[in-house]
Every structure is written in structure tokens, then in C-alpha cells.
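Presented below is the structure to which this report refers.
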Number of protein chains: 2
Amino acid sequence: MSRADQPLHGDEPVTSRRERARLRREEIIGIASELFAERGYRGTSLADVAGRAGITEPGLLHHFGNKAGLLLAVIERRDLDSEAFAMELLGMEPAERLRALPEFARRNRERAGLAKLFTVLVAESLEPDAPGHDHFVARYRALRAIVADTIRSAREAGLTRAGLDPEVKAAEIIATLDGLQTQWLLDPEAVDIVAAVESYARTLERDLTGS
Amino acid sequence: MSRADQPLHGDEPVTSRRERARLRREEIIGIASELFAERGYRGTSLADVAGRAGITEPGLLHHFGNKAGLLLAVIERRDLDSEAFAMELLGMEPAERLRALPEFARRNRERAGLAKLFTVLVAESLEPDAPGHDHFVARYRALRAIVADTIRSAREAGLTRAGLDPEVKAAEIIATLDGLQTQWLLDPEAVDIVAAVESYARTLERDLTGS
DNA sequence: CCTAACTTACTTAGTACTCGGTAAGTGAGT
DNA sequence: ACTCACTTACCGAGTACTAAGTAAGTTAGG
């Protein structure tokens with residue numbers, strides 16, 4: 001049919017076997033993320049994931065080793081996503097970062113699945129021997145450190161009031177955003193997440209500057 | 001052995017069969033609460049609960065009908081507990097309620113299981129068709145209404161600054177307390193829940209009064 | 001340049017086990 | 001006599017995971 005040197009079969013774009021497998025893996029991770037968000041890690045079976053991905057259970061295990069391996073892959077990809085946002089934030093002026101929060105909320109609203117995935121997986125990881133526990137502990141510590149650093153640098157620039165503990169305030173800020181997200185996920189009709197975060201950003205600005 | 005009319009066997013107090021069954025039911029609910037907190041509703045099997053309660057699975061189902069019935073019983077009892085606290089709060093002067101928050105945190109710290117149970121069950125109830133969904137939606141709406149009312153009455157008494165939306169602020173307050181609790185449950189060594197709530201209570205007082 | 005050796009990405013079939021739930025009793029207490 | 005709190009004995013469906021094989025693709029040696 002084709003006189004090209006590359007082995008073109010059908011309409012498929014030219015991709016190496018390795019590349020195709022990588023894409024397949026990514027696709028499976030996406031499917032697993034959706035299912036984990038809806039039913040939790042424990043509530044999702046390998047058969048559920050495999051079925052929706054159009055693969056067999058052993059085919060799935062070939063890629064991820066075991067069920068916990070699949071969870072780890074899901075968590076890792078979610079992290080890449082939120083890391084991108086963190087870098088975006090860190091690229092701004094500290095004062096500007098506050099104003100980025102509503103935009104963050106707006107973005108999250110369009111991807112409720114990702115937010116739900118995170119909330120569900122954290123709750124399933126509270127026990128010390130849960131498969132994702134150590135990961136989420138490390139993530140929250142890192143997140144608190146980033147926010148605390150932001151507060152510290154703003155303080156050194158003379159932008160904040162005296163008498164606030166950056167670590168405690170960091171935990172408080174993250175807690176509020178997480179908690180609002182949970183209430184919104186549970187009852188989207190009753191909670192306007194964007195309005196709530198906008199209001200909180202203003203509250204936080206008053207709190208930090210002591211105005 | 002004994003010439004008493006009442007059938008005393010061993011050290012057991014005299015209780016009717018009905019009363020004994022009720023106590024047994026309560027005991028089972030306590031056991032199920034612990035297991036649900038540790039492993040979630042989905043992660044806990046009837047066999048787990050029955051085994052720890054020293055009963056068979058059908059024996060368990062005799063009391064609760066099915067697994068969702070057991071969950072409902074667990075949720076109901078948790079509600080009785082937190083309702084008692086809500087009444088306690090409502091008995092105080094609005095201004096006093098803020099000062100009760102750290103005491104609330106201190107109490108919760110001693111009963112981490114109850115806090116964990118709540119966090120886990122909420123996350124498992126995010127999906128609209130989850131067994132506990134409607135219950136938690138109603139609970140959060142009621143809780144927001146109570147807090148919003150408190151803010152409104154404080155405002156009418158001229159105790160708060162202008163320009164705050166009671167509903168939005170209520171969601172924010174509940175979110176912060178929930179979020180702090182989650183961080184503490186995940187990593188008790190890194191997060192001092194009592195100190196964090198004490199700090200937040202002060203922040204909140206400044207925010208509400210506009211001082 | 002071709003082919004044989006090897007690797008990768010799966011599949012079919014089945015393992016041992018757990019799941020929530022039911023039918024039919026049993027035996028003690030009222 | 002009857003009820004109630006159970007137990008024994010199941011069931012069909014689902015659980016994560018494994019063993020063994022296959023077709024296709026990749027790579028090294030002649």
C-alpha cells in the first residue's frame with residue numbers, strides 16, 4: 001500500500017512499541033484515577049480498572065506489579081500535576097501568590113475528579129501502614145514548608161504583622177483550602193468553592209498584613 | 001448453689017434479655033466504629049467486626065440487617081456524641097464559643113478514633129450514591145447554619161466587623177477545623193492540633209471583630 | 001542485511017481465599 | 001408456648017494474584 005520505509009500499518013501514527021506501551025500505561029493511570037476518586041482505592045478492584053481499560057487483570061499487573069504499584073503510579077502522576085502548579089506559584093512575588101488562590105480554585109472546579117481523588121486517597125492513608133501513608137505525610141510536610149517559607153520571606157520584607165508562627169499559619173491555610181474543597185465536593189450546590197476561596201484570600205491578606 | 005429467687009449466674013448483674021441484647025448491640029457498634037476508622041467502611045468486612053465481637057456473621061446481621069445498616073448505626077451514635085457538644089456550645093454566649101474551640105480540640109485529641117472515623121466516612125461518602133452521602137450533606141448544612149447563626153447574632157449585637165457573609169465564613173471556619181484535624185490525624189508528630197486550634201481561635205477573633 | 005536469541009506486552013486459565021447475605025435450625029429466657 | 005438471639009451450613013460472586021504460554025518487536029552476530 002505505502003511505499004514508505006517506515007512500517008505504517010493502517011491509520012496509526014508511527015510510534016515505537018515502547019512509546020505505545022508508555023501511552024497505554026498513561027491511559028490506564030487515568031482510568032484508575034477516575035475509579036479511585038469515585039470508589040476509593042479499596043473500593044476499586046483490578047477487574048474494574050482492567051475492564052474499563054480493555055485489558056486483562058494480569059495485563060494490568062504486568063505494567064504495575066501489584067495493586068499498590070498502580071496506586072503509587074496514580075499518586076505520582078497527580079503529584080506531577082500539582083508540582084506544576086507549585087512551580088507556577090513559586091515563580092510569583094509572595095504578595096501576588098495570595099491573588100492566585102481563586103484561580104487555583106477555579107481550575108480545581110473544572111477538574112473535580114482530581115480533587116476528589118486526593119481527598120479520598122488522603123483519608124484512606126491516615127493509618128500508618130496504609131500504602132500511601134508515607135507519601136502523603138511527606139507531601140504535607142513539604143507543602144507546609146513551602147507556605148511557611150513564603151510567609152517568612154514576606155515577613156522579612158516587612159509585609160506581615162508581628163507575632164505569627166509561619167509553620168502554624170501554613171498548616172492553617174492549607175487546612176482551610178482542603179476543608180473548603182471537601183465541603184464543595186460533598187455538596188457542590190450548597191458551597192461555591194470559588195467564592196469561598198476568594199473570600200478567604202481577602203481574609204488571609206488582612207490576617208497576614210494585620211491591616 | 002444459691003437459694004435466691006433471681007437467677008444469678010456468676011458476677012453478672014441482673015439484666016433482662018432485651019437489655020443484654022441492647023448492650024451487645026452497643027458493644028458491636030463500638031467495635032465497628034474502631035474498625036471503620038482504621039480501615040474505612042469498604043475496607044472492613046462483616047467477618048472483621050463479627051470476629052472481634054465474638055459473634056458469627058449472621059449473628060451480626062441479625063442485629064443490623066445488612067452492612068449498610070451497621071454503618072448507619074455507627075453514624076447515628078457518632079451523631080449523638082457530637083450533638084451533645086453542639087448543645088454545650090449553644091448554651092454559651094456567642095463570644096464565649098470561640099474560647100471553647102481549643103477545649104474541643106483537646107477533647108478530640110483524646111479520642112482520635114472518633115475523629116478518624118468521621119474523616120474516613122466523609123471521604124467515602126463524597127459520591128452522591130454512597131450509603132452515607134445524604135446524611136453527611138445534611139449534617140454539614142446544619143453545621144454551617146448553626147455557625148452562621150452564631151455569627152449573625154454576634155453581628156446584631158454589634159460585636160463583629162461589617163462586610164462578612166455569615167454563610168461563607170461559617171464554611172471557612174468549619175473547613176479550617178476539619179483540615180487541621182486531617183493534617184493532625186495523618187501526621188500527629190508534625191502537627192500540634194491543640195496549638196493550631198488555639199492559634200486559629202485568636203486569628204478568628206481578630207477576623208470577626210475586625211480589630 | 002538477515003536471522004537467531006532475546007525481551008516485551010500481553011492472554012487464557014486457574015489458584016486459594018474473602019465477600020455480603022440467606023435458610024434453617026437450636027436452645028435459653030420470658 | 002413462644003419469641004428472640006443467636007449458630008451451623010451454606011451460596012454465588014468477587015478478590016488479588018500466579019503459571020504458563022504466545023505473538024510481536026528489538027537487538028546482536030555473522
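In what follows, chains are A, B, ... by sequence order, proteins preceding strands, each numbered from 1.
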Item to check | B:R107/B:E88 ion pair, N-O < 4.0 Å | outcome: yes

Item to check | Salt bridge B:D81-B:R78, side-chain N to carboxylate O under 4.0 Å | outcome: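 Between B:R78 and B:D81 there is no salt bridge, as every charged N stays at least 4.0 Å from the carboxylate O atoms.
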
Checklist entry - With respect to the side chain of B:H62, which nucleotide from C:dA9, D:dA5, C:dG21 is positioned closest? => result D:dA5

Item to check | Listed nucleotide nearest any side-chain atom of A:H63, set C:dA23, D:dC17, C:dC10 | outcome: C:dC10

Checklist entry - Which residues within residues 120-136 of chain A lie with some heavy atom under 4.0 Å of an atom in DNA chain D? => result none

Donor-acceptor pairs under 3.5 Å, side chain of residues 118-126 of chain A to any protein atom, not counting sequence neighbours: which ones?
unit_1, atom_1, unit_2, atom_2, d
A:T119, OG1, A:A115, O, 3.1
A:E124, OE1, A:Y41, N, 2.7
A:E124, OE2, A:Y41, N, 3.3
A:E124, OE2, A:R42, N, 3.1
A:S125, OG, A:L121, O, 2.6

Checklist entry - Roughly how many Å is it from CG in A:L61 to C1' in C:dT15, rounded to a whole number? => result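 Atom-to-atom, A:L61 to C:dT15, this comes out as 14 Å.
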
Enumerate all atom pairs, one protein N or O and one N or O from nucleotides 11-15 of chain D, separated by less than 3.5 Å.
unit_1, atom_1, unit_2, atom_2, d
D:dT15, OP2, A:S45, OG, 3.2

Checklist entry - Among residues 31-42 of chain B, which contact DNA chain C at a heavy-atom distance under 4.0 Å? => result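 Heavy-atom contacts with DNA chain C come from no residue of residues 31-42 of chain B; none.
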
Next on the checklist: Taking 4.0 Å as the cut-off, does a side-chain nitrogen or oxygen of A:T56 come that near to OP1 or OP2 on C:dT11?
Outcome noted: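 For C:dT11, OP1/OP2 do have a side-chain N/O of A:T56 under 4.0 Å.
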
Checklist entry - Any side-chain donor-acceptor pair under 3.5 Å between B:R139 and B:S82? => result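 Per modelled atom types, B:R139 and B:S82 side chains form a pair under 3.5 Å.
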
Checklist entry - More than 12 foreign heavy atoms under 6.0 Å from CD of A:E93: is that the case here? => result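 No, because the 6.0 Å sphere around CD of A:E93 holds 12 heavy atoms or fewer from other groups.
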
Checklist entry - For B:R106, what residues pass the salt bridge (charged side-chain N to carboxylate O under 4.0 Å, His left out) criterion, not counting sequence neighbours? => result B:E103, B:E198

Item to check | Partners passing ring pair (Phe, Tyr, Trp, His ring centres under 6.0 Å) against B:F104 (at least two apart in sequence or in another chain) | outcome: B:F85

